[in-house]
Amino acid sequence: MNNFSKIVAVLVASTFFYGCLDFVGEDINIVAPNVTSKELEIVSQRTGIIFPEGTTGLGYFFQGSGIDDAIALKTMIPENKKQSFLENEIFKSGENSKPSFQIGRSKSWWKLDELFERIDRTKKLPKGRYMECSIGREDSMWIVYISWMET
């Protein structure tokens with residue numbers, strides 16, 4: 001068997017076995033008013049982001065059906081709590097770059113491109129995890145978009 005035949009055989013076998021993998025997680029998509037403190041706590045545990053009192057969840061998507069978990073969250077931060085939200089570590093040590101993977105991009109509530117007065121940060125986390133966070137004005141409210149994923 002020549003090298004090309006071996007490569008083809010490996011690719012065919014890999015594709016077959018990948019199709020046989022059974023992912024046990026499920027996807028969860030929730031919109032306001034059903035985004036609760038439970039979802040905010042899940043995001044806090046995975047990202048380290050602390051949400052100020054009065055934060056309202058607007059959209060939550062947990063992608064658990066793939067190989068790696070991923071989360072998208074949209075929240076509203078009270079006007080007088082913006083500065084305390086910016087005290088989160090991602091705004092101190094994260095890279096000043098726009099989000100690239102945006103887990104919630106396919107959701108109707110994900111309107112990141114409509115933000116103005118926008119601040120973006122990205123950050124690699126331990127154990128192959130990565131997060132992105134943007135805050136800005138949308139319809140005169142302070143809105144936060146967070147994407148988190150593990151690889």
Item to check | 4.5 Å side-chain heavy-atom contact, Gln63 and Ile71 | outcome: no

Item to check | Thr151 side, atom OG1; Lys127 side, atom NZ - distance, nearest 0.5 Å | outcome: 13.0 Å

Item to check | CA sep, side-chain torsions, deciding dist, call: Val31, Lys107, side chain to side chain contact (heavy atoms under 4.5 Å, CB included) | outcome: CA-CA 10 Å; Val31 296; Lys107 303 301 171 196; over 6 Å; no

Next on the checklist: Can you confirm whether Glu53 is buried at CD, in the sense that more than 12 heavy atoms of other residues, nucleotides or ligands lie under 6.0 Å from that atom?
Outcome noted: no

Checklist entry - Is it true that the side chains of Asp120 and Ser134 contain a donor and an acceptor less than 3.5 Å apart? => result yes

Checklist entry - Within a strict 4.5 Å, meaning less than it, do heavy atoms of the Phe61 and Asp27 side chains meet? => result yes

Checklist entry - Any chance the side chains of Thr75 and Thr55 put a donor and an acceptor closer than 3.5 Å? => result no

Checklist entry - Between atom OG of Ser44 and atom CD1 of Ile146, what is the distance when rounded to the nearest 0.5 Å? => result 7.5 Å

Item to check | For Arg46 against Leu125, the heavy-atom pair lying closest together | outcome: O-CD1, 3.9 Å

Item to check | Closest non-hydrogen atom pair between Gly64 and Asp69, with its separation | outcome: CA-OD1, 3.7 Å

Checklist entry - After noting the C-alpha distance and the side-chain angles of Ile119 and Phe91, does the key distance pass the side chain to side chain contact (heavy atoms under 4.5 Å, CB included) rule? => result CA-CA 9 Å; Ile119 301 169; Phe91 293 101; 3.9 Å; yes

Item to check | Residues Lys111, Asp113: salt bridge by 4.0 Å N-O rule | outcome: no

Checklist entry - Does the pair Met149 and Asp68 meet the rule for a side chain to side chain contact (heavy atoms under 4.5 Å, CB included), with working shown? => result CA-CA 7 Å; Met149 67 181 282; Asp68 299 314; 5.8 Å; no

Checklist outcome for this item: Tightest non-hydrogen contact, residues Pro99 and Leu112, listed as CG-CD2, 3.9 Å

Next on the checklist: Taking atom CD as the centre, does Glu150 end up with more than 12 heavy-atom neighbours from other residues, nucleotides or ligands that are less than 6.0 angstrom away?
Outcome noted: yes

Checklist outcome for this item: Applied to residues 75-85, the salt bridge (Lys or Arg N to Asp or Glu O under 4.0 Å) test, sequence neighbours excluded, yields Glu79-Arg137

Checklist entry - Just wondering, do Ile135 and Trp142 contact through their side chains at under 4.5 Å, heavy atoms? => result yes

Checklist entry - Taking side chain as C-beta onward, heavy atoms only, is Lys92 less than 4.5 Å from Leu86? => result no

Checklist entry - Checking side-chain hydrogen bond (donor to acceptor under 3.5 Å, both in side chains) for the pair Thr36/Glu39: CA distance, chi angles, key distance, verdict? => result CA-CA 6 Å; Thr36 67; Glu39 287 78 31; 2.6 Å; yes

Checklist entry - Could you give the distance from CG (Asn96) to OG1 (Thr122), rounded to the nearest 0.5 Å? => result 8.5 Å

Next on the checklist: With clusters defined by side-chain heavy atoms of hydrophobic residues (ILVMFWY) lying less than 4.5 Å apart, directly or transitively, does Ile143 cluster with Phe85?
Outcome noted: no

Checklist entry - So, Glu132 and Lys98, do they make that salt bridge, N to O below 4.0 Å? => result no

Checklist entry - Within 45° of the ring axis of Tyr130 and under 6.0 Å from its six-membered ring centre, is that where the NZ or CZ of Lys124 lies? => result no

Item to check | More than 12 heavy atoms of other groups within 6.0 Å of Ile28 CD1 | outcome: yes

Checklist entry - Which heavy-atom pair separates Val144 from Cys133 by the least distance, and what is that distance? => result CG1-SG, 3.9 Å

Checklist entry - Can you name the closest pair of heavy atoms from Glu89 and Lys123 and give their distance? => result CG-NZ, 3.5 Å

Next on the checklist: Can you give me the closest heavy-atom contact between Phe51 and Leu73, atom names plus distance?
Outcome noted: CZ-CD2, 3.5 Å

Next on the checklist: Counting C-beta onward and ignoring hydrogens, is there a side-chain heavy-atom pair between Val35 and Leu58 closer than 4.5 Å?
Outcome noted: no

Checklist outcome for this item: Result for ring pair (Phe, Tyr, Trp, His ring centres under 6.0 Å) between Tyr145 and one of Phe101, Tyr60, Trp110 points to Trp110

